[in-house]
Amino acid sequence: MIKVWLSGANSQIGKAINDIFCPTDLELFNTDKDEVDVTDLKAVMNFAQVSRPDIIINCSAITDINLCEKDHKLAFGVNAIGARNLSIAARKCGAKMVQISTDDVFDGKSDQPYNEFDQTRPQTAYGKSKLAGEQYVKEFTYKHFIIRSTWVYGLGNNFINDLLEKVNKGETLAIASDQFGSPTSAKELARFILHLIDTNEYGTYHATNKGAVSYTHLRAHETSLHL
C-alpha cells in the first residue's frame, strides 16, 4: 500500500483529500502544526523516518495575506522553510513531493490566464514566500509536483464562507471590483492531486476550475479542471 504523509491535514485541501481518498489504495498519515511543525527540520525528519512515506503532500501554509504582510518571519517560516524541510525529507525517503502553491507568485497584471511558463513576479509577502517554497522544492528534490491554484473554496476559511458570514451578520462589505479569478473546488483540486501522484509526470501545473469571476460579479463556472 502506498503511504502518503499529508502535512496541513486541517486545511481546505487537506480535508478534501481525506474526504475522497480510497483507504484500500493509500495509507494516509495526517499531521498539522500541533503534530509536526514544518518549520522544525528535526521534527520533520523524525516523522519521515518513522512513517517512511512514499509521497509527501504539503498543504501547510500561511494563506492570510494581511498576516503575511505583518509577519514576514512567520510567512517565510511556514511557506518557504516548511516547504524546504519537507522536500529534504522527501529526498531522504525517496518520496514524491507535492507542493501546493498559488497564482500570487505572479503580479496579477495580465489580462490573460497565466501559464506555467510565464515570468513570476510576486508583489506580496504571501506570494514571495510561496515562490520561495517552490524554489526550495525544485532545489531539494526532482520528484516533485508543484500545483498552483487560486480562490480555493471548501471546508474552512475562504472568501466565500467569509462573505456569507458577513452577510448573515449584516456587516458592510468592502470588495475589490477589479480582481478576477477562477474559484476552485477543494474537492476537484484534491481529485487532481490524487490523479497526479499516481504518475511520474513531475513538474509545475496550473489547476483551476473553468470560468472566471470578479469579487462583485459571479459568472457560472463548470467543475471540470483546466489542466
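Along the sequence shown, the residues carry numbers beginning at 1.
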task = Go through the steps to decide whether Leu26 and Leu194 satisfy the test side-chain contact (heavy atoms from CB on, under 4.5 Å), and finish with yes or no.
result = CA-CA 10 Å; Leu26 302 175; Leu194 294 180; 3.9 Å; yes
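- One finds the OG1 atom of Thr184 at 11.0 Å from the CD atom of Gln12 (value rounded to the nearest 0.5 Å).
- Not one N or O on the side chain of Thr141 forms a donor-acceptor pair closer than 3.5 Å with the backbone of His144.
- Tyr202 and Ile193 end up in the same hydrophobic cluster when Ile, Leu, Val, Met, Phe, Trp and Tyr side chains are linked at under 4.5 Å.
- Under a 3.5 Å cut-off, the side chain of Thr120 and the backbone N or O of Val105 do not form any donor-acceptor pair.
- Counting only residues at least two apart or in different chains, side chain to side chain donor-acceptor pair (under 3.5 Å) contacts with residues 32-41 comprise Asp37-Thr39.
- Side-chain contact between Val4 and Asp54 is absent, with no heavy-atom pair separated by less than 4.5 Å.
- Rounded to the nearest 0.5 Å, atoms CZ (Arg148) and OG1 (Thr208) are 13.0 Å apart.
- In this structure, Ile56 is not a member of the same hydrophobic cluster as Phe145, with clusters built from ILVMFWY side-chain heavy atoms closer than 4.5 Å.
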task = In sequence, state the C-alpha distance, the side-chain angles, and the governing distance for Ile2 and Asp25, and then conclude on side-chain contact (heavy atoms from CB on, under 4.5 Å).
result = CA-CA 7 Å; Ile2 297 173; Asp25 296 331; over 6 Å; no
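- With a 4.5 Å cut-off on side-chain heavy atoms, Leu28 and Phe21 count as touching.
- In this structure, Phe29 is a member of the same hydrophobic cluster as Val44, with clusters built from ILVMFWY side-chain heavy atoms closer than 4.5 Å.
- The shortest heavy-atom contact between Thr102 and Tyr126 is CB-OH, 3.6 Å.
- Once rounded to the nearest 0.5 Å, the distance linking CE of Met45 with SG of Cys93 reads 6.5 Å.
- For residues 61-86, every residue pair satisfying the side chain to side chain donor-acceptor pair (under 3.5 Å) rule, not counting sequence neighbours, is listed here: Asn79-Ser129.
- Nearest heavy-atom pair, Ala75 versus Cys68, reported as atom, atom and distance to 0.1 Å: CB-SG, 3.7 Å.
- The two residues Lys187 and Ile20 come nearest to each other via the heavy atoms O-CD1, 3.9 Å.
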query = Stepwise, does the side-chain contact (heavy atoms from CB on, under 4.5 Å) test hold for Asp104 with Ile65?
reply = CA-CA 10 Å; Asp104 279 61; Ile65 293 177; 3.9 Å; yes
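- Considering all non-hydrogen atoms of both residues, Phe76 and Ala132 come closest at CE2-CB, 4.3 Å.
- Between the CE atom in Met97 and the CD1 atom in Ile197 there is a gap of 13.0 Å [rounded to 0.5 Å].
- The distance from atom CZ of Arg91 to atom CZ of Phe140, rounded to the nearest 0.5 Å, is 6.5 Å.
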query = Would Glu134 and Ser101 count as a side-chain hydrogen bond (donor to acceptor under 3.5 Å, both in side chains) if you check the C-alpha gap in whole Å, the side-chain angles of each, and the deciding distance to 0.1 Å?
reply = CA-CA 7 Å; Glu134 289 187 12; Ser101 194; 2.6 Å; yes
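- For the residue pair Asp118 and Asn115, the shortest heavy atom distance occurs at OD2-N, 2.8 Å.
- No hydrogens or angles considered: a donor-acceptor pair under 3.5 Å links the side chains of Ser7 and Ser60.
- Atoms OG1 and CG, on Thr31 and Leu6 in that order, are 7.0 Å from each other to the nearest 0.5 Å.
- Note on ring orientation: taking the six-membered ring where Trp is involved, the planes of Phe47 and Trp5 are tilted (angle from 30° to 60°).
- Smallest separation of non-hydrogen atoms from Val78 and Ala61: CG1-CA, 3.8 Å.
- Below 30°, between 30° and 60°, or above 60°: for Phe106 and His206 the angle between ring planes is above 60°, a perpendicular geometry.
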request  = Apply side-chain contact (heavy atoms from CB on, under 4.5 Å) to Ile146 and Lys138, showing your working.
outcome  = CA-CA 9 Å; Ile146 295 171; Lys138 291 176 182 178; 3.6 Å; yes
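- Cluster membership for Tyr205 and Ile17, using ILVMFWY side-chain heavy atoms within less than 4.5 angstrom, is shared.
- Asn10 places none of its side-chain heavy atoms less than 4.5 Å from the side chain of Asn30.
- Atom CG of Leu67 sits in a crowded spot, with more than 12 heavy atoms from other residues, nucleotides or ligands closer than 6.0 Å.
- Taken together through direct or relayed side-chain contacts under 4.5 Å among Ile, Leu, Val, Met, Phe, Trp and Tyr, Leu196 and Val152 form part of one hydrophobic cluster.
- Between the side chains of Asn58 and Gln99, a donor-acceptor pair is found at a separation under 3.5 Å.
- Using a distance-only test at 3.5 Å, with no hydrogens or angles considered, a donor-acceptor pair links the side chain of Lys96 to the main chain of Thr199.
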